[in-house]
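Atoms considered below: every heavy atom in the structure, side chains included; atoms not considered: hydrogens, waters and symmetry mates. Chain identifiers are assigned alphabetically (A, B, ...) following the order of the sequence lines, protein sequences preceding nucleic acid strands; residue numbering begins at 1 within each chain.
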Amino acid sequence: MDEQTRAAAFEERIARCEKIEPGDWMPSEYRRQLLRMMSQHAHSEIVGMLPEGEWITRAPSLKRKLVLLAKVQDEGGHGQYLYDAAESLGATRDEMIEALHTGRAKYANVFNYPAPTWADVGMIGWLVDEAAILNQSMLAKCSYGPYARAMLRICSEETFHKKQGQELVIRLARGTPAQRAMAQEALNRWWWPTLMQFGYPDAESPHTDTLRRWGVKTKTNDELRETFIAGIVPELRLLGLEPPDPELRCDKATGRWHHGPIDFDELKRVVNGDGPCNKRRLGERIKAHEDGAWVREALLAYNARHESPRREFSGAPA
Amino acid sequence: MSDSQGPVWQVFERPAHGHPVRAAGSVHAVDAETALQNAWAVYGRRPTAVALWVVPRSLVLTKSRDEFASLAPAHGNGGGSEQTYCVFCRCGTKIAYEESPSVLAATAEQALARAIEQQAGAQQADDICHAIWVFPAAAIISSESPTAECSFAPQPYKWFRDHKSFPTGALMREIEKEASKSEHA
């Protein structure tokens with residue numbers, strides 16, 4: 001079969017909503033885009049552990065500490081699911097880690113902002129995870145099998161995180177005036193970065209059309225952004241919290257939401273390395289990797305002392 | 001070693017007693033013991049799996065439907081002694097690779113060809129096999145609980161992993177009711 005026939009057959013499979021598996025023929029651009037998306041997504045999960053991880057030792061109660069520990073561990077697991085999906089297209093773990101550490105690979109803009117108060121932990125869980133759920137439930141239906149499978153696992157766990165975050169914010173919003181003020185300030189900090197998380201507006205999003213045709217994305221950035229606003233603003237307002245956007249309103253006639261201009265230059269700066277915490281986050285990530293080197297070495301040394309690396313595991317000490 | 005994270009191990013899970021095993025994902029580890037421990041930490045965090053298997057990725061032969069046609073037929077016995085191969089297929093509209101009846105074969109290629117023959121019976125579009133994995137049953141390392149004391153060992157009940165511990169829907173409805181009451185007042 002020549003390239004054109006294969007491409008036509010591929011598009012037909014997509015039209016039939018079939019999932020593409022790693023060994024199947026796929027256009028090189030499809031492969032390239034998926035690798036870019038999956039590795040960025042994996043990196044985002046791993047870097048996403050950092051802003052909230054800082055709060056584990058400072059959580060206000062044992063209950064909150066357990067919740068946060070479990071959440072941060074989940075994010076690490078999500079990174080693993082996604083690296084696995086990216087590896088199915090031939091990327092190696094070392095290549096991906098190196099791309100992240102040298103700044104070649106990107107990750108979600110939101111994790112380059114600081115989380116200075118406990119309310120930020122709740123706001124990240126509610127806003128950022130809700131935004132992630134909208135994007136990920138779309139990707140759970142995507143045409144590439146390994147990515148869709150990873151997303152299905154992630155979505156069910158992410159729903160949790162959103163509930164945990166929202167519950168935290170509800171408690172603060174119904175708490176003392178100082179707690180309410182803390183929640184509002186956290187909302188002021190996270191509102192715009194979360195809206196930016198959906199990506200550039202459709203008119204400036206060069207990949208959207210192709211990705212839609214190939215069934216990778218089924219909704220545009222702007223569509224997802226509006227769904228997010230429509231879902232979350234009424235709930236925030238019910239709690240007496242107000243997003244920092246004087247233009248934000250729902251058009252009664254159409255039911256559609258209007259928001260003020262988003263600073264996409266800021267998004268560009270933050271994604272390209274010049275956000276408030278980029279250096280700190282990447283520095284911490286690299287340090288964690290380097291600090292873990294002795295564990296990898298110890299495992300290798302232990303392994304080398306046993307003849308067969310695949311010896312039967314008995315499950316109990318001999 | 002080319003990969004500082006160690007070789008890849010494919011992870012399989014049994015989601016509940018009496019359910020078929022399905023592919024879960026993978027982990028990196030230098031040996032089987034660590035692989036199984038990592039698998040429980042990553043794929044058994046929520047107590048959703050009742051058993052996990054790990055299989056060295058290098059022993060799993062994977063083929064997608066586009067590749068089926070170019071495979072050698074299953075004739076002969078391959079000249080060697082036969083062993084049991086596990087077969088995992090992704091069929092129809094199902095998204096997961098699920099366990100299919102195992103086959104006896106001398107080589108992985110032969111096992112794959114036999115698995116394809118076995119699947120060829122399914123003519124319904126809903127059952128068409130899109131991709132197959134085979135690996136020797138002898139390569140499975142499995143356990144029905146975390147293999148070592150680990151900080152994240154699944155427990156029968158973890159309240160903080162239970163949706164019901166965070167009743168946001170009920171809370172919001174309650175707040176809404178209060179708000180409308182005070183509006184009327």
Legend entry - Non-hydrogen atoms of B:A179 and A:L238 that approach each other most closely: CB-CD1, 4.2 Å
Legend entry - Residue selection (most heavy-atom pairs with chain B, distance under 4.5 Å) from A:Q80, A:R6, A:H78: A:Q80
Legend entry - Heavy-atom contact with chain B under 4.5 Å, split by part of A:I170: side chain
Inset, instruction - Hey, could you give me the NE2/CG distance between B:H28 and A:D84, rounded to the nearest 0.5 Å? - result: 8.0 Å
Legend entry - Between CD on residue A:Q73 and CZ on residue B:R45, distance to nearest 0.5 Å: 5.5 Å
Inset, instruction - Could you check A:K163 against B:K164 for side-chain contact (heavy atoms from CB on, under 4.5 Å), going step by step and ending with a plain yes or no? - result: CA-CA 10 Å; A:K163 283 187 179 182; B:K164 290 199 261 324; over 6 Å; no
Inset, instruction - Below 4.5 Å from any heavy atom of chain A, which atoms of B:T34 appear? Answer side chain, backbone, both or neither. - result: side chain
Legend entry - A:L168, part contacting chain B, at a heavy-atom distance under 4.5 Å: neither
Inset, instruction - Applying side-chain contact (heavy atoms from CB on, under 4.5 Å), run through A:R153 and B:Y43 and close with a yes or a no. - result: CA-CA 9 Å; A:R153 291 190 90 91; B:Y43 295 95; 3.7 Å; yes
Legend entry - B:E176 portion near chain A, given a 4.5 angstrom heavy-atom threshold: both
Inset, instruction - Measure the spacing between CD of B:E174 and CZ of A:R174 and express it to the nearest 0.5 Å. - result: 6.5 Å
Inset, instruction - Among the options B:V42, B:T62, B:V27, pick out the one with the most heavy-atom pairs lying under 4.5 Å from chain A. - result: B:V42
Inset, instruction - For side-chain contact (heavy atoms from CB on, under 4.5 Å), just list the numbers for A:W126 and B:T168, CA-CA rounded to whole Å, side-chain angles, deciding distance to a tenth of an Å, and then say yes or no. - result: CA-CA 11 Å; A:W126 189 6; B:T168 50; over 6 Å; no
Inset, instruction - Pick one of side chain, backbone, both or neither for A:K71, based on which atoms fall under 4.5 Å of a heavy atom in chain B. - result: neither
Legend entry - Portion of A:E297 that has a non-hydrogen atom of chain B nearer than 4.5 angstrom: neither
Legend entry - Stepwise side-chain contact (heavy atoms from CB on, under 4.5 Å) check, B:V30 with A:R296: CA-CA 8 Å; B:V30 291; A:R296 294 188 289 275; over 6 Å; no
Inset, instruction - Could you tell me whether the side chain of A:I97 reaches within less than 4.5 Å of the side chain of B:Q5, counting heavy atoms only? - result: yes
Donor-acceptor contacts under 3.5 Å from residues 19-28 of chain A side chains, at least two apart:
from  : atom 1 : to     : atom 2 : distance (Å)
A:K19 : NZ     : A:K141 : O      : 3.3
A:K19 : NZ     : A:C142 : O      : 3.0
A:E21 : OE1    : A:R149 : NH2    : 2.9
A:E21 : OE1    : B:Y97  : OH     : 2.8
A:E21 : OE2    : A:R149 : NH1    : 3.1
A:E21 : OE2    : B:R90  : NE     : 2.4
A:E21 : OE2    : B:R90  : NH2    : 3.4
A:D24 : OD1    : B:D66  : N      : 3.4
A:D24 : OD2    : A:R13  : NH1    : 3.0
A:D24 : OD2    : A:R13  : NH2    : 3.4
A:D24 : OD2    : A:E21  : N      : 2.9

Inset, instruction - Identify which part of A:R64 has an atom lying under 4.5 Å from any heavy atom of chain B, answering side chain, backbone, both or neither. - result: neither
Inset, instruction - For the residue pair A:T159 and B:H163, establish whether any side-chain heavy-atom pair is separated by less than 4.5 Å. - result: yes
Inset, instruction - Give, as side chain, backbone, both or neither, the part of B:A24 having an atom under 4.5 angstrom from any heavy atom of chain A. - result: both
Inset, instruction - Could you pull out all residues at least two apart from A:H43 that satisfy ring-ring contact (aromatic ring centres under 6.0 Å, His included)? - result: A:Y83
Inset, instruction - Would you give the length of the straight line joining atom CZ of A:F160 to atom OG of B:S165, rounded to the nearest 0.5 angstrom? - result: 7.0 Å
Legend entry - Side-chain heavy atoms of A:R171 within contact of B:L171, under 4.5 Å: yes
Legend entry - Pairing of B:R57 and A:E87 as salt bridge, 4.0 angstrom limit: no
Legend entry - Spacing of B:F166 atom CZ and A:Q164 atom CD [to the nearest 0.5 Å]: 4.0 Å
